[in-house]
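Before any comments, here is the structure.
Counting starts at 1 for both ligands and their atoms, following the listed order. We number each residue from 1, following the sequence as shown.
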Amino acid sequence: MKKIISVCMGDGVGPEVVNEGVKVLKIISDYTEFNFEFKDAPAGGEVWKKIGTNLPEKSFETIQNSDALLFGALGLPDLPPGVAESAIMKIRQGLDLYVNLRPVKLYDVLREKCPLKDEFIGNGIDITFVRENTEGLYKNVGNLKEDSAQNLMLYTRNGCERIIKFAFEFAKRKGHKIVTSVDKANLLNTSKLWRKIFHEMSGNYSNIETEDIFIDAFTQWLIRAPYRFQTVVTGNMFGDIISDEGAFLIGSLGMGSSGNIHPGKVSMYEPIHGSAPDIAGKGIANPIGTILSVKLMLQESFNSLEIGNEVDKAVEEALNEGRTVDIKSAKLKTLSTEEMGDLIAEKLKSSLKK
Ligand code: IPM
Ligand code: MG
């Protein structure tokens, strides 16, 4: 099965972690029925410095004509905030990637790396945030004047329906028992519409329980009882914030993966960490966020739950043997980015060979 994967290395640690993601994809290409071809789609701060745009037209075309995009991270410390990063918005809006899927899973072997006390971890953390990814405050409607500034938080019925439906379908697929909706319906009109649609939609999924939690309370519950959440659906800005909070629970930001998805269309997979200029070029960044984004690509874009699960298993096995410095253990070897990728690739290769 031939698939074209566009690859954007990005800035900072982007190229270092993306190389490891590509390494894993190449193993899959070698040992399964998939046949991947890679196409470069440069974007970000380095590109901006060279040619004055953070997303060259040619890159966007390459992305549009691919089956999926593997994306590094954008941002450079010597550029004003947003100059590089806005390329991500152009891709999300340009491809109408309305789902931002962000799993927050604490591997058992990393339990001691979770900053929460054991009693709060309970029987484990395995949450998937389903964040609306094209509407709300991210519509870029507003202005910035000398004495005032404005951003419009705009949600449409169609925008709410499609993301909430995705969340229920996702929960159904994963066998989740409950979908939690996070909003601010005690204040915001947008949340009132959201909540109404959430309740309407829940009628189609009678086997799945639902609950509504206000965003402020949710930020507490996420550290007080994270074990009780499974699928959590929310708007764009709230999703941005709580997914970072969630990522802190899994040992390292470097473990966080994500998919920017339009089901059935070209979608983009990226680690949730940024370009981390402070450690760029040192070869110490954790590539697992990127490798788990590859897992999401397999499951969400290429319909291959099985190989995705193999990637997951390979990551877990590797974590028992060696780790990058952000999740290091005195008992295990501390690995470079490349060594971590090699170890995972090796584990994956031996399970795929069977
Ligand atoms: C994310 C990031 C982006 C966002 C930034 C870089 C604009 O924080 O992917 O969560 O806010 O969506
Ligand atoms: Mg964010």
Just checking: D240, one of its N/O/S atoms, less than 2.8 Å away from the Mg ion (ligand 2), yes or no? yes
Classify the contact between H273 and ligand 1 as side chain, backbone, both or neither, using a heavy-atom distance cut-off of under 4.0 Å. neither
Do D312 and Y107 have side-chain N/O donor and acceptor atoms under 3.5 Å apart? yes
Only residue of N260, D240, D96 satisfying side-chain hydrogen bond (donor to acceptor under 3.5 Å, both in side chains) with N133 is N260
Have Y269 and S301 got a donor and an acceptor in their side chains that come within less than 3.5 Å? yes
Proximal ligand 1 atoms for R131, defined as those under 4.0 Å from one of its heavy atoms: 1 (C), 4 (C), 10 (O), 11 (O), 12 (O)
Residue-level breakdown please: for M237 versus ligand 1, do any non-hydrogen atoms fall below 4.0 Å on the side chain, on the backbone, on both, or on neither? neither
Considering only the protein, which heavy-atom contact is closest to atom 5 (C) of ligand 1, and what is its distance? M89 CE, 4.3 Å
Atom 2 (C) of ligand 1: closest protein heavy atom, distance to 0.1 Å, is D240 OD1, 3.9 Å
If you have a sec, work out which protein heavy atom is nearest atom 1 (C) of ligand 1 and how many Å separate them, to one decimal? R102 NH2, 3.2 Å
So does F120 have more than 12 non-hydrogen atoms from other groups sitting under 6.0 Å from CZ? yes
Crowding at CG, N303 (>12 non-hydrogen neighbours, <6.0 Å): no
Just by distance, no angles: are the side chains of S66 and S6 close enough, under 3.5 Å, to form a donor-acceptor pair? yes
Among all protein non-hydrogen atoms, which one is nearest to atom 11 (O) of ligand 1, and what is the separation to 0.1 Å? Y138 OH, 2.6 Å
